[in-house]
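Quantities reported herein were computed from a predicted structural model and do not represent experimental measurements.
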Amino acid sequence: MTEPVDQFDRKILEIVQRDCQLKAEAIGDIIGLSASAVQRRLRRMREDGIISAEIALVDRKVAGNPMTFIAGMEIERENYDALAKFRTWVDKQDHIQQVYYVTGSVDLVAIITAQDVTQYDEITAQIMSQNPQIKRIHTNVVLKDVKLGMFVPVTSD
């Protein structure tokens, strides 16, 4: 059973979201716990799935994929298992960074990185050919990153 998240856990989550390489001793000094207590709490939050991943954020330009596209996709309405099929397929597509099931004029919104427009066209052609339940893709090209982040504010009860 998952233990409730307390104020110390919340402080730890705030800190590790900004720097997941910070040592337990430094975190403990900031919040007033011992390093071993911080380590136990971190281990528990990882095991409970509260911390789902600790990753390095790589500069897209350095990685060779400087362009970002926001793709809104429409799914055929009568195809009820389309979302499950797409979810399975998209898990294997590294250029597709994020996908959201949304309300509004499209059903899915995807964040896609590519080297250039030509590669993006190839990616969308693959999306359409591998997922016939997607009937249309609306594309927005990101001109400039205004803010990038995955920080989740941790609120108290």
Side-chain angles (χ1 to χ4, degrees), residues 1-75 80-116 119-120 123-124 127 131 134 137-157:
M1 182 171 165
T2 303
E3 289 182 40
V5 175
D6 64 15
Q7 283 304 108
F8 285 116
D9 292 337
R10 286 180 176 75
K11 289 177 184 175
I12 291 170
L13 290 170
E14 292 269 344
I15 292 167
V16 298
Q17 283 189 87
R18 297 198 189 279
D19 183 358
C20 69
Q21 292 187 331
L22 200 59
K23 303 290 184 211
E25 294 82 14
I27 296 170
D29 288 344
I30 294 168
I31 66 172
L33 286 177
S34 68
S36 60
V38 170
Q39 289 170 336
R40 280 192 302 275
R41 287 169 178 270
L42 283 168
R43 183 174 42 254
R44 176 182 48 81
M45 288 189 285
R46 288 178 185 121
E47 289 170 357
D48 290 348
I50 296 166
I51 297 174
S52 59
E54 296 171 66
I55 61 170
L57 297 177
V58 176
D59 184 311
R60 290 187 317 274
K61 293 174 186 77
V62 173
N65 292 291
M67 295 192 74
T68 302
F69 301 85
I70 300 171
M73 295 175 256
E74 294 179 40
I75 298 174
Y80 294 108
D81 59 353
L83 188 57
K85 288 179 182 177
F86 182 75
R87 183 180 297 133
T88 301
W89 179 84
V90 80
D91 280 344
K92 300 176 190 103
Q93 310 306 314
D94 289 337
H95 283 282
I96 303 173
Q97 294 187 316
Q98 300 169 44
V99 177
Y100 301 96
Y101 182 49
V102 298
T103 62
S105 60
V106 296
D107 301 300
L108 300 165
V109 173
I111 309 299
I112 301 172
T113 62
Q115 295 168 356
D116 52 30
Q119 185 184 34
Y120 175 74
I123 293 167
T124 57
I127 290 170
N131 301 279
I134 295 176
I137 299 177
H138 305 270
T139 301
N140 291 317
V141 179
V142 173
L143 300 175
K144 182 178 182 178
D145 297 335
V146 176
K147 180 181 178 181
L148 293 174
M150 296 298 293
F151 186 87
V152 176
V154 183
T155 59
S156 58
D157 292 338

Any donor-acceptor N/O pair, D59 side chain to V62 backbone, under 3.5 Å: yes
Close side-chain approach of V109 to V99, heavy-atom, < 4.5 Å: no
Heavy-atom donor-acceptor pair, R10 side chain to V5 backbone, under 3.5 Å: yes
Interatomic distance, L33 atom CG to R40 atom CZ [nearest 0.5 angstrom]: 9.0 Å
Side-chain touch H138/M73, heavy atoms, less than 4.5 angstrom: no
Heavy-atom closest pair, residues C20 and I55: SG-O, 4.5 Å
Side-chain touch I111/I96, heavy atoms, less than 4.5 angstrom: no
D9 and R44: CA distance, side-chain angles, deciding distance, side-chain contact (heavy atoms from CB on, under 4.5 Å) verdict: CA-CA 10 Å; D9 292 337; R44 176 182 48 81; 2.6 Å; yes
Heavy-atom neighbours of D94 CG exceed 12 at 6.0 Å: no
Any residue meeting side chain to side chain donor-acceptor pair (under 3.5 Å) with D6, in chain and number order, not counting sequence neighbours: R41
K92 vs T88 side-chain heavy atoms within contact, under 4.5 Å: yes
Nearest atoms (heavy-atom pairs only) where Q93 meets W89: NE2-O, 3.4 Å
Exercise: do T139 and Y120 side chains pair donor with acceptor under 3.5 Å: yes
Distance (rounded to the nearest 0.5 Å) between E54 CD and R46 CZ: 4.0 Å
Test item: I134 and E74 side chains (from C-beta on) under 4.5 Å apart, heavy atoms: no
Student check: side-chain heavy atoms of L13 and M45 closer than 4.5 Å: yes
side-chain contact (heavy atoms from CB on, under 4.5 Å) assessment of I27 paired with K11: CA-CA 9 Å; I27 296 170; K11 289 177 184 175; over 6 Å; no
Check: K147 main-chain N/O paired with D145 side-chain donor or acceptor under 3.5 Å: no
Residues L57, L148; criterion side-chain contact (heavy atoms from CB on, under 4.5 Å); working and verdict: CA-CA 10 Å; L57 297 177; L148 293 174; over 6 Å; no
Heavy-atom pair of closest approach, residues L108 and V102: N-CG2, 4.2 Å
Heavy-atom pair of closest approach, residues A24 and A35: CB-O, 3.6 Å
Gap between atom CD of E25 and atom CD1 of I30 - 0.5 Å precision: 11.5 Å
Criterion side-chain contact (heavy atoms from CB on, under 4.5 Å) on H95 and Q119, from CA distance to verdict: CA-CA 10 Å; H95 283 282; Q119 185 184 34; 3.3 Å; yes
For Q17 against V152, the heavy-atom pair lying closest together: OE1-N, 2.6 Å
Spatial distance of atom CD1 (I12) from atom CD (Q39) [nearest 0.5 Å]: 10.5 Å
Pairwise side-chain contact, V142 with F69, heavy-atom cut-off 4.5 Å (strictly under): no
Point-to-point distance, once rounded to the nearest 0.5 Å, from CD1 of I127 to CD1 of I137: 4.5 Å
Value rounded to 0.5 Å, distance of OG1 in T155 from CD in E14: 9.0 Å
Heavy-atom pair of closest approach, residues T113 and I123: O-CD1, 3.8 Å
Any I31 side-chain heavy atom under 4.5 Å of I15 side chain: yes
